[in-house]
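Following: one structure in C-alpha cells, then a few remarks.
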Amino acid sequence: MTTMNESTANGIGADLTHEEIFAAHEGGKLTASVTAPLDSARDLSIAYTPGVAQVSRAIASDPTLADRYTWTQRLVAVVSDGSAVLGLGDIGPKASLPVMEGKSALFKTFAGLDSIPLVLDTNDVDEIVETLVRLRPSFGAVNLEDISAPRCFELERRVTEALDCPVMHDDQHGTAVVALAALRNAARVAGRELGSLRVVISGAGAAGVACAKILHTAGVGEIIVLDSRGVISAGREGLTPIKEELAEFTNPRGISGGPAEAMTGADVFIGVSVGQVPEEHVALMAKDCIVFALSNPDPEIHPEIAGKYASVVATGRSDFPNQINNVLAFPGIFKGALDVGARRITDGMKVAAAEAIAAVAADDLSADYIVPSPLDPRVAPEVSAAVSKAARAEGVATA
C-alpha cells in the first residue's frame with residue numbers, strides 16, 4: 001500500500017493511493033452506449049438494415065441532415081499529439097490517452113456532450129491539419145489539448161481556418177476564460193475596476209498569451225508579460241512572432257528588466273509558468289494585491305506567502321481556495337457553440353463565458369470564493385446560454 005508520504009512525494013494527492021488510481025483507469029474511462037432499442041427483429045430493421053438505408057439516402061441528398069440523424073453535431077473530437085501533457089511534458093500520444101479520456105469524461109459529465117479522444121502520432125502541423133480536415137464529417141467540434149507552444153498557436157489558427165466548426169485549444173483559452181472570471185470577482189472583492197489594474201503575467205506560453213489577449217479585450221488597464229528572458233517589450237531582440245504581437249498591446253510604459261521590475265507596484269500577478277517567484281518580489285507589489293499562482297503542482301508563489309501581501313489568492317490546485325479550473329469553462333463553451341451551430345468560437349463568446357462564470361459566484365463573493373466550484377451544477381448551463389447568445393450576436397450561429 002502506498003503511504004501518504006509516498007503519495008505526496010510522487011505528485012498525487014495526500015489522500016490518494018496508486019492502487020485506487022490505477023484501478024479507476026483499468027479498461028479506460030469511456031465506453032459507447034446505444035440510444036436506439038435493439039431488442040427485436042423490428043428494432044434491428046429500424047436501427048440497421050434495411051431501415052438505415054433510408055436515412056443514408058436522405059443525408060446523401062441533403063448533407064445537413066447528418067446533424068439531425070447522427071451524433072456528429074454533438075460530438076467533440078479531443079485531439080492531442082502528447083507534446084505538452086499536464087506537467088509531464090512531451091510524453092507522446094499513447095501516454096496522453098488517459099488524459100484525453102478524462103477530458104471526454106468531463107465533457108459528458110458537465111455538458112452532456114459526447115466526445116472521442118484522438119491522439120495523433122505526429123507533431124507536424126501540416127499532418128495534423130490534414131488529418132482533421134479528412135475526419136471532419138465525423139465530428140462537430142475540435143478541442144485541441146496538450147499541444148506544445150509555439151506550435152499550438154499556428155495549429156489552432158490553421159484548424160480554425162480549415163474547418164467550418166467550433167475549434168478551441170483549451171490549454172490557452174480555457175485557462176484564460178476562468179482567469180478573467182476570477183479576476184473580475186477578485187477586483188470586486190478588492191473594490192477595484194478592471195480598467196485600473198496593473199497586471200503582470202509570468203509565462204508567455206499557451207496560457208500566458210491567451211490570458212494577455214482576453215484581459216486586453218476585457219479592458220484591463222495595463223498588462224506586462226514575462227518570459228524566461230524577462231519583460232516582453234517592443235524592440236527586444238529575439239522575439240517570436242507571437243511575442244511581437246504581445247508587445248504591440250502590452251507594457252505601455254516600456255519597462256525593461258525582470259520579475260522585480262515588472263512586479264513593482266503591480267496590482268495583480270498571474271502565474272502560468274514553472275518559475276518560482278521569491279517573496280521579496282511579491283513584497284514589491286501594491287498593497288492588497290491579487291495573486292493567481294496557477295502552476296501545478298507547485299504554484300509560483302505558495303499561498304501562505306502570497307497571503308501575507310495579497311487580499312485575494314488563487315491557485316490551480318483543489319486543496320486551496322479559489323481553484324482556477326478549466327472545467328468551469330470548456331464544457332459550457334462547446335455546448336453553447338454546438339447548440340446554435342456556431343461556425344467558430346469568437347473572442348466575444350469567450351468573454352461571455354467568463355462573465356457567466358463570474359456571475360454564478362457573484363452573490364456569495366469573498367476573498368476565498370471568487371469562482372464557483374467545478375462541481376456546481378449551475379456553471380455549464382449558464383456558460384452555455386451566454387455563449388449561444390454571444391454567437392448569435394456576433395453572427396457566427398447557424399441555428
Side-chain angles (χ1 to χ4, degrees), residues 84 87 89 148-153 169 171-180 182-183 186-187 194 196-218 220-286 289-303 305-306 309-310 312-316 324:
S148 62
R151 290 182 310 112
C152 63
F153 303 115
H169 182 212
D171 300 304
Q172 293 182 57
H173 306 296
T175 301
V177 165
V178 183
L180 174 58
L183 186 57
L194 286 183
S196 71
L197 296 177
R198 293 172 58 188
V199 177
V200 173
I201 299 173
S202 178
V209 170
C211 284
K213 288 182 176 180
I214 199 169
L215 295 185
H216 177 66
T217 298
V220 166
E222 177 181 291
I223 302 166
I224 294 174
V225 182
L226 291 159
D227 64 8
S228 60
R229 294 179 53 199
V231 174
I232 292 175
S233 57
R236 198 188 84 178
E237 292 185 2
L239 292 180
T240 65
I242 291 294
K243 293 178 183 179
E244 288 178 351
E245 182 183 353
L246 282 179
E248 292 175 2
F249 65 87
T250 63
N251 192 15
R253 290 180 292 131
I255 71 168
S256 59
E261 289 76 13
M263 294 176 71
T264 298
D267 301 300
V268 181
F269 171 87
I270 299 176
V272 280
S273 67
V274 295
Q276 296 296 294
V277 177
E279 182 173 349
E280 53 265 33
H281 289 173
V282 186
L284 296 172
M285 296 181 68
C289 58
I290 296 166
V291 171
F292 293 175
L294 306 184
S295 181
N296 271 320
D298 299 314
E300 292 86 353
I301 306 167
H302 194 279
I305 294 174
Y309 307 93
V312 180
V313 179
T315 72
I324 308 302

Where at least one partner belongs to residues 256-268, residue pairs that pass side-chain hydrogen bond (donor to acceptor under 3.5 Å, both in side chains), sequence neighbours excluded: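 Residue pairs with at least one partner in residues 256-268: Arg192-Asp267.
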Just to verify, what does [X] make a side chain to side chain contact (heavy atoms under 4.5 Å, CB included) with, not counting sequence neighbours?
{"X": "Ala234", "value": "Ala247"}
{"X": "Ala176", "value": "Ala210, Cys211, Ile214"}
{"X": "His281", "value": "Pro259, Ala260, Met263, Val277, Pro278, Leu284"}
{"X": "Val313", "value": "Pro303, Ala306, Ala310"}

His302: ring pair (Phe, Tyr, Trp, His ring centres under 6.0 Å) partners, not counting sequence neighbours: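 His302: ring pair (Phe, Tyr, Trp, His ring centres under 6.0 Å) contacts with Phe320.
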For Glu245, all residues meeting salt bridge (Lys or Arg N to Asp or Glu O under 4.0 Å), sequence neighbours excluded: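 Expected list: Lys213.
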Salt bridge (Lys or Arg N to Asp or Glu O under 4.0 Å) partners of Glu279, counting only residues at least two apart: Lys308
Can you list everything that forms a side-chain hydrogen bond (donor to acceptor under 3.5 Å, both in side chains) with [X]? Sequence neighbours excluded, please.
{"X": "Ser273", "answer": "Ser202"}
{"X": "Glu300", "answer": "none"}
{"X": "Thr175", "answer": "Asn326"}

Pairs satisfying salt bridge (charged side-chain N to carboxylate O under 4.0 Å, His left out), at least one member in residues 222-239, at least two apart: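 Found Arg198-Glu222, Glu222-Arg253, Asp227-Arg236, Asp227-Lys243.
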